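Here is the structure we will look at, set down as structure tokens.
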Amino acid sequence: MNVSGAARLSLAENGDLEIHIGDDTIVEHPPVVYQDGADGVRTTIHSAFRIDPVKGDVAFQLAEYDHARTLVIDPTFTWASYIGATANN
């Protein structure tokens, strides 16, 4: 995927994607990736962000999985907000 408007992309030590925009940094956690087996058992597939050093695009690096089964890549969202006391909040 291409992240437009970012000044810089980096990976944190814990694998989070850091999107640097001006003085701010947006942090994206790696997605939850899994497959449901025929027996109903859910198998977690390890995933990690990968940044292409030439293009700057972001991709998912996935552990081995069963290509004959549906692969679910479920993004992780963290919500945060600030309640300030300025005139323009």
Side-chain angles (χ1 to χ4, degrees):
M1 66 183 162
N2 181 279
V3 181
S4 62
R8 184 170 63 92
L9 301 173
S10 61
L11 295 176
E13 284 186 26
N14 67 355
D16 288 348
L17 174 65
E18 298 175 330
I19 304 167
H20 304 275
I21 302 171
D23 292 334
D24 296 320
T25 301
I26 298 170
V27 176
E28 294 285 337
H29 305 297
V32 174
V33 180
Y34 62 88
Q35 290 183 304
D36 289 330
D39 56 2
V41 174
R42 181 166 287 178
T43 302
T44 301
I45 310 298
H46 176 75
S47 69
F49 287 115
R50 184 177 55 80
I51 300 173
D52 182 311
V54 176
K55 294 181 181 178
D57 291 343
V58 178
F60 301 120
Q61 184 172 335
L62 303 174
E64 256 187 65
Y65 64 94
D66 183 349
H67 292 264
R69 297 207 171 276
T70 300
L71 180 73
V72 177
I73 300 176
D74 193 7
T76 304
F77 293 103
T78 302
W79 173 260
S81 68
Y82 293 99
I83 300 175
T86 61
N88 64 352
N89 61 333

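On a predicted model such as this, the values are computed, not experimentally measured, just so you know.
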### Task
Compare every heavy atom of Gly56 with every heavy atom of Leu9, then report the nearest pair and how far apart it is.
CD1-O, 3.2 Å

### Task
State yes or no: do Val32 and Tyr65 share one hydrophobic cluster built from I, L, V, M, F, W and Y residues joined by side-chain heavy-atom distances below 4.5 Å, directly or via other members?
no

### Task
Calculate, to the nearest 0.5 Å, the distance between atoms OG1 and CZ belonging to Thr25 and Arg8 respectively.
7.5 Å

### Task
Report yes if the side chains of Phe49 and Glu18 come closer than 4.5 Å at any heavy-atom pair, otherwise no.
no

### From Ile45 atom CD1 to Leu62 atom CG, the distance as rounded to the nearest 0.5 Å
8.0 Å

### Message
For a 4.5 angstrom cut-off between non-hydrogen side-chain atoms, does Phe60 reach Ile73?
### Response
yes

### Separation of Asp16 CG from His29 NE2 (nearest 0.5 Å)
5.0 Å

### Query
Is the closest side-chain heavy-atom distance between Pro31 and Asp74 below 4.5 Å?
no

### Query
For atom NE2 of His46, is the number of surrounding heavy atoms from other residues, nucleotides or ligands below 6.0 Å larger than 12?
no

### Query
Which atom pair, heavy atoms only, marks the closest approach of Ile19 to Ala6?
CG2-CB, 3.7 Å

### Message
If hydrophobic clusters are built from ILVMFWY residues whose side chains come within less than 4.5 Å, do Met1 and Val27 share one?
### Response
no

### Query
Any luck finding a side-chain donor-acceptor pair between Gln35 and Thr43 under 3.5 Å?
no

### Task
For residues Leu71 and Val33, determine if any side-chain heavy atom of one lies less than 4.5 Å from a side-chain heavy atom of the other.
yes

### Query
How far apart are the closest heavy atoms of Ala38 and Arg69, and which atoms are they?
CB-NH2, 3.1 Å

### Message
Quick check: do Leu11 and Leu17 have side-chain heavy atoms less than 4.5 Å from each other?
### Response
yes

### Task
Take atom CG of Asp23 as the centre, draw a 6.0 Å sphere, and report whether it contains more than 12 heavy atoms from other residues, nucleotides or ligands.
no

